[in-house]
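The structure displayed is predicted, hence computed values, not measured ones. The chains referred to below are lettered A, B, ... by the order of the sequence lines, with proteins before strands, and numbering in each begins at 1.
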Amino acid sequence: MSSSEQLCLSLLRQCKTLKTVKQFHAYISKVGLDANSFVAGKLLLHCAVTISDTLDYARRLFLLFPDPDIFMYNTLIRGLSESSTPQYSLTTYVEMRRRLMAAPDSFSFAFILKAAANYRSLKAGIQLHSQAVTYGLDTHLFVGTTTISMYAECGCVAFARKVFGEMFEPNVVAWNAIVTACFRCGDVKGAKIMFNQMPFQNSTSWNVMLAGYTKAGELELARTSFLEMPIKDDVSWSTMIVGFAHNGCFEEAFGFFRELQRVGIRPNEVSLTGVLSACAQAGTFEFGKIIHGFIEKAGFLHIISVNNALLDAYSRCGNVGMAHLVFESMPEKKSIVSWTSMMAGLAMQGYGEEAVQLFNKMEKSGVRPDGITFISILYACSHAGLIEQGCWYFSKMTEVYGIEPAIEHYGCMVDLYGRAGQLEKAYDFVNQMPISPTAIIWRILLGACSIHGHVKLAERVKERLSELDPNNSGDHVLLSNIYAIAGKWKDVAALRRSMADQKIKKTPGWSMIEVDKVMYSFVAGRGRNEITDEAYEKLREMMLKLRVEGGYIPEVGSVLHDIEEEEKEDAVSGHSEKLALAFGMARLREGRTIRIVKNLRVCGDCHTVMKLISKVYGLEIVVRDRSRFHSFKDGFCSCRDYW
DNA sequence: TTAGGGTTAG
């Protein structure tokens, strides 16, 4: 390497942003090194892979080279394979085959197979695999391992096993890949068998087992392996925290985090993001603040992913102000995750216009949205009734950014139309979708029928749901509520009988509230104890005050059966969110905001009660239900009764 | 002369 090349490389390492990269490019053009394929290749690598948000620039840069070499092609293919548009990786590969005289090498195949995996394109994957065979590269350790992962991503564990069987001397990485492949395709037993056959098991192999078990929801198997494994490293601990948090077991996630600290292991950025994700789910704002303090003291504030998790935890705990503070204070450049999480935070609170403004600001700052960003913005539009904007973003996603809509995007569109009352349009949209609608899609439509009391369409939708997911209790409950609102008590009774015959149980509603850093959960209709007694007593007092001072009349539509009015009133008054609210009012200091997390959607009567309480008691109440946040203040809710 | 595969992160 010449000394001028060496100088260039050390300069390049300093470039962290698009602006500095452009300055670097101007510099090498000036000194005549821009045609030096080594320097140009390093610059391309830097933009396409090393730093973020400069992939578009890398693509433009690539076009400037008259004769790109195989390194440049491989580098661009690699950068694109990790992007939100891995299909462009394939087109680059095809162009390379056409223009370049040299044959693709092991690097080309490793990167391009990764693209096929990320694109979940089995057809492309098989073609590429057969080309690798032609070049004798299919048994190459790196190529073979990527091929295994590709087949696993495409759901073909049998092909993955075949490739593994043909590998000459699989090393530990290849073994780990085949175990992961089994898990990826849902073959938990197969994964364990392969693990037992491994000639060598280092920490990573055990970690593969932990991750596989937790992703399969096999938490007890994960715990057993965790206790058995000879050496637990920080990845093992992080995997347990993240795995339990993802399965909704936030208490256990907190437990692993405390245990990790007790045994003297320093939390790393992933265990911190994991514990913050548990805070986000549980809505434990106070505990989140403690973790925030720890992050500050332990010097993790410069890590973008930690900031993102913190931002997300604050916004899911209902404190969009703190979330915004974290967002604004983020070091260096915000990542696409930061923008997306901030948008989702605003969307959950019903700040649709603000989310749209943020999207525009993001585009102006040169950050490219990915598929998840579009889920957030579409969600924001549907929850704020911004129908035209939502449609515009939906077409922009494909036309401008080349992102193919996934099932989640279609779901957002169905919600957008359905929530706004355009039920026929939503129904037509579902029937015209290019991919076949899942139960979730129909369920969104059923939810919309429930909001707008559309009994006929609800029945049609429920038929489709019964074919796809017959035992889902939520769907039955939703339909029966639709009947109840319409006063169709005979239909309600028939539905209840069929639920009982099929032994379908209603998912119990629970609500949680944090008081003095302790989480209390309430389940409607469960046995009494000291805590619930305290809640019921306060509830009685509150309801009396509401009737006298707030003019409250109970809404009973959300009760399942045709029972006497008074009994119905009893059933809604015991809803878990009311109990949590009453408990919070009994225990929390006056003037404190009451924050409640509920697993299901908040019911109509509870919603009315909370609005009245916020007015009569001069209180602020924040409820996070399954679909969004409700902030009650002065008798109004932030959802504008639109949820 | 440059780079790559398996585990944790919205």
Side chain of [X], heavy atoms from C-beta onward: which of [options] has the nearest atom to it?
| X | options | answer |
| --- | --- | --- |
| A/I372 | B/dG10, B/dT8, B/dA3 | B/dG10 |
| A/V173 | B/dA3, B/dT8, B/dG6 | B/dG6 |
| A/V172 | B/dT2, B/dG6, B/dG10 | B/dG6 |
| A/F111 | B/dG10, B/dT7, B/dA3 | B/dA3 |
| A/V337 | B/dT7, B/dG10, B/dG4 | B/dG10 |
| A/F142 | B/dA3, B/dG5, B/dT8 | B/dG5 |
| A/T273 | B/dT2, B/dT8, B/dA9 | B/dA9 |
| A/T340 | B/dA9, B/dG10, B/dG6 | B/dG10 |

Original post:
Testing A/V163, A/L113, A/L128, A/L141 for side chain to side chain contact (heavy atoms under 4.5 Å, CB included) with A/T146, which one passes?
Top reply: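 Going through A/V163, A/L113, A/L128, A/L141 one by one, the side chain to side chain contact (heavy atoms under 4.5 Å, CB included) with A/T146 is satisfied by A/L113 alone.
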Original post:
A/C15 pairs by side chain to side chain contact (heavy atoms under 4.5 Å, CB included) with which of A/T50, A/L43, A/T20?
Top reply: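 Answer after filtering A/T50, A/L43, A/T20: A/T20.
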Would you mind classifying the nucleic acid contact of [X] as base, sugar-phosphate or nothing, using non-hydrogen atoms under 4.0 angstrom?
| X | answer |
| --- | --- |
| A/D233 | nothing |
| A/N74 | base |
| A/I241 | nothing |
| A/V235 | base |
| A/N36 | nothing |
| A/S106 | base |
| A/T204 | base |

For atom [atom1] of [X] and atom [atom2] of [N], their distance in whole Å:
| X | N | atom1 | atom2 | answer |
| --- | --- | --- | --- | --- |
| A/K42 | B/dA3 | NZ | P | 5 Å |
| A/Y151 | B/dG6 | OH | P | 17 Å |
| A/M72 | B/dT2 | CE | P | 14 Å |
| A/H140 | B/dG4 | NE2 | P | 13 Å |
| A/Q6 | B/dT1 | CD | C1' | 11 Å |
| A/Y379 | B/dG10 | OH | C1' | 14 Å |
| A/L310 | B/dG10 | CG | P | 13 Å |
| A/F107 | B/dT2 | CZ | P | 8 Å |

With a 3.5 Å cut-off and just heavy-atom distances, do the side chain of [X] and the base of [N] make a donor-acceptor pair?
| X | N | value |
| --- | --- | --- |
| A/T145 | B/dG5 | yes |
| A/D105 | B/dG4 | no |
| A/T146 | B/dG4 | no |
| A/N171 | B/dG5 | yes |

**OP:** Evaluate the side-chain proximity of A/F327 to A/L358: yes if any heavy-atom separation is below 4.5 Å, no if none is.
**Re:**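 The answer is yes; the side chains approach within 4.5 Å.
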Original post:
Within 45° of the ring axis of A/Y88 and under 6.0 Å from its six-membered ring centre, is that where the NZ or CZ of A/R59 lies?
Top reply: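 Satisfied, under 6.0 Å and within 45°.
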**OP:** Identify which one of A/F374, A/Y401, A/W339, A/Y379 satisfies the ring-ring contact (aromatic ring centres under 6.0 Å, His included) criterion when paired with A/F359.
**Re:**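 The passing option is A/F374.
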**OP:** For A/F38 and B/dT2, say yes or no: do the ring centres fall under 5.5 Å of each other while the ring planes differ by less than 30°?
**Re:**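 One would not call A/F38 stacked on the B/dT2 base.
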Subject >> A/F62 side, atom CZ; A/L55 side, atom CG - distance, nearest 0.5 Å >> reply: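 It is 12.0 Å, given to the nearest 0.5 Å.
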Original post:
Any salt bridge between A/K396 and A/E363, counting N to O under 4.0 Å?
Top reply: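 Yes, this pair counts.
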